[in-house]
Amino acid sequence: MPTKDEKDTFAAENTTGHEWDGIAEFNNPLPRWWLWIFYATIVWSVGYWVVYPSWPLVQSYLPGVLGQSDRADLATTIAEAKQRQGTYLAKIEASDVSEIVADKELFDFASAGGRSAFGLHCSQCHGSGAAGFVGYPNLADDDWLWGGTLADIQHTIQYGIRSDHDETRSNDMPAFLTDETLDKEQINDVAEYVLALSNSGSDAEAAKRGEPLYAENCASCHGDDGKGLREMGGPRLTDAIWLYGGDKASVVKTISFSRKGVMPAWEDKLDPVTIKQLAVYVHSLGGGE
Ligand code: HEC
Ligand code: HEC
């Protein structure tokens, strides 16, 4: 608190006259530039109310003289896109898969659609990049159980594998131990033979004993040379690609109890256009034949 004789360092008339515990409130005007900008925004907002949608009313709102509406714009954009899409979809419906692939523009559209349908319906089993999991085949490599042409893939997707559809691809590997076709020792031997086919065996003696067992029990589905038979869905056993694992324990388990993986049929769940798009997409992943 300034004493009586002390001159206040600040001009007395420059306060609002409010004072608390010796602290006075100054009355400084706002900077001029700030004020002008402030007035300008008020003027601007009035213009804005007139031109653009602004005040809410009870049932609707003031639309503004331009009648601008993001919602209407969106609806038009969607309608336009739908119309463009419709042209493509109709073309896909009328073409077979090989014609779709031959038409670059249509192919781009179809494989994009296929990719999104794959994410929705297939990735839970085959993985989002289609690389598969144990028991669920990789669809991006060139190893095919049932065939990798466009038509093969389309057929597999449409009717499934061991599915409940009448047209399903189906062939069940016997469970050699459960069925008592082979005993444990024989299974060990034939497993060694299978491993030797891909040079991953460890017991040449057993593999030798397994060879005739293979010819008798396995060649009808996996081929005389173990290279697989697609019309049987019998996987190639000579490479390093395994659906159920290529270690001895997994191979013994497959032979003993069989596996019988199920791929659902999609004919009743997806429309033909989506199935074609999926076939085109899967075929384009790298292993298409
Ligand atoms: C419920 C799990 C599951 C779903 C969902 C699924 N699949 Fe499969 N799919 C499998 C299994 C299991 C196999 C292997 C069957 C076998 O052992 O022969 C398979 C095999 C395939 C094959 C054959 C591969 C080959 O090597 O011949 C194709 C192609 C395929 N699936 C595509 C698809 C597409 C496209 C979708 C989505 C529409 C899909 N799958 C959804 C489980 C599934
Ligand atoms: C009637 C046909 C059939 C016969 C016979 C058969 N298999 Fe198979 N095998 C299959 C099919 C189909 C599969 C695919 C897996 C499935 O069931 O999902 C398979 C899978 C396998 C696998 C797993 C391959 C992998 O990639 O993981 C092995 C190993 C195998 N068979 C070995 C044999 C051996 C050894 C014999 C003879 C003792 C045999 N199979 C007899 C049809 C057959």
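Worth knowing before you read on, the calculation uses all heavy atoms, side chains too, and leaves out hydrogens, waters and symmetry mates. Every number for a ligand or one of its atoms is a count from 1 in the order of the listing.
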Which protein N, O or S atoms sit under 2.8 Å from atom 8 (Fe) of ligand 1? H126 NE2, M263 SD
If I apply the N/O under 3.5 Å rule, does [X] come out as touching ligand 2?
X    : value
N171 : no
Y244 : yes
L182 : no
K260 : yes

Are [X] and [Y] linked by a side-chain donor-acceptor pair shorter than 3.5 Å?
X    : Y    : value
R162 : T168 : no
D96  : S98  : yes
T76  : D73  : no

Is a salt bridge present between E192 and K248, judged by a nitrogen-to-oxygen distance below 4.0 Å? yes
Taking K91 first and then D103, would you say they form a salt bridge - that is, a charged N and a carboxylate O separated by under 4.0 Å? yes
For ligand 1, which atoms have a heavy atom of L278 less than 4.0 angstrom away? 38 (C)
Atom indices of ligand 1 within 4.0 angstrom of G135 heavy atoms, with elements: 12 (C)
Would you check if [X] and [Y] make a side-chain contact, meaning some heavy-atom pair closer than 4.5 Å?
X    : Y    : value
N138 : I241 : no
W146 : I153 : no
Q158 : H165 : no
S95  : L106 : yes
W49  : W55  : yes

[atom]: which of [options] has the nearest heavy atom?
atom                    : options                : answer
atom 28 (C) of ligand 2 : V251, T254, V262       : T254
atom 24 (C) of ligand 2 : V194, L213, L229, L237 : L237
atom 37 (C) of ligand 2 : C218, A191, S250       : C218

Mind checking side-chain contact (heavy atoms from CB on, under 4.5 Å) for V101 and listing every partner two or more places apart, or none if nothing turns up? F107, L150, V280
Close approach of L243 to ligand 1, heavy atoms, under 4.0 angstrom: yes
Check for me whether R162 has a heavy atom closer than 4.0 Å to any atom of ligand 1. yes
Of the side chain and backbone of F176, name the one, both, or neither that has a heavy atom under 4.0 Å from an atom of ligand 2. side chain
What protein heavy atom lies closest to [atom]? Include the residue and the distance to one decimal.
atom                    : result
atom 13 (C) of ligand 2 : P235 CD, 3.3 Å
atom 10 (C) of ligand 2 : M173 CB, 3.4 Å
atom 2 (C) of ligand 2  : C221 SG, 1.9 Å
atom 26 (O) of ligand 1 : L145 N, 2.7 Å
atom 5 (C) of ligand 2  : N217 O, 3.2 Å
atom 40 (N) of ligand 2 : H222 NE2, 2.8 Å
atom 18 (O) of ligand 1 : W146 NE1, 3.2 Å

State whether the number of non-hydrogen atoms from other residues, nucleotides or ligands found under 6.0 Å of N28 atom CG is greater than 12. yes
Is it the case that more than 12 heavy atoms not belonging to K208 sit under 6.0 Å from its NZ atom? no
What atoms of ligand 2 come closer than 4.0 angstrom to any heavy atom of D172? 1 (C)
Show me which atoms of ligand 2 lie under 4.0 Å from any heavy atom of G261. 16 (C), 17 (O), 18 (O)
Hydrophobic clustering (ILVMFWY, side-chain heavy atoms < 4.5 Å, transitive) - are W144 and Y159 grouped together? no
Is the closest heavy-atom distance from S258 to ligand 2 below 4.0 Å? no
State if I187 counts as touching ligand 2 under the rule of any non-hydrogen atom under 4.0 Å. no
Take the angle between the ring planes of F38 and W34 and call it parallel below 30°, perpendicular above 60°, tilted in between. parallel
May I have the list of side-chain donor-acceptor pairs in residues 221-232 shorter than 3.5 Å, sequence neighbours left out?
from, atom 1, to, atom 2, distance (Å)
H222, ND1, P235, O, 2.9
D225, OD1, K227, N, 3.1
R230, NH1, E289, OE1, 3.0
R230, NH1, E289, OE2, 3.3
R230, NH2, E289, OE2, 2.8

Whichever hydrophobic residues join F133 through chains of side-chain contacts under 4.5 Å: Y136
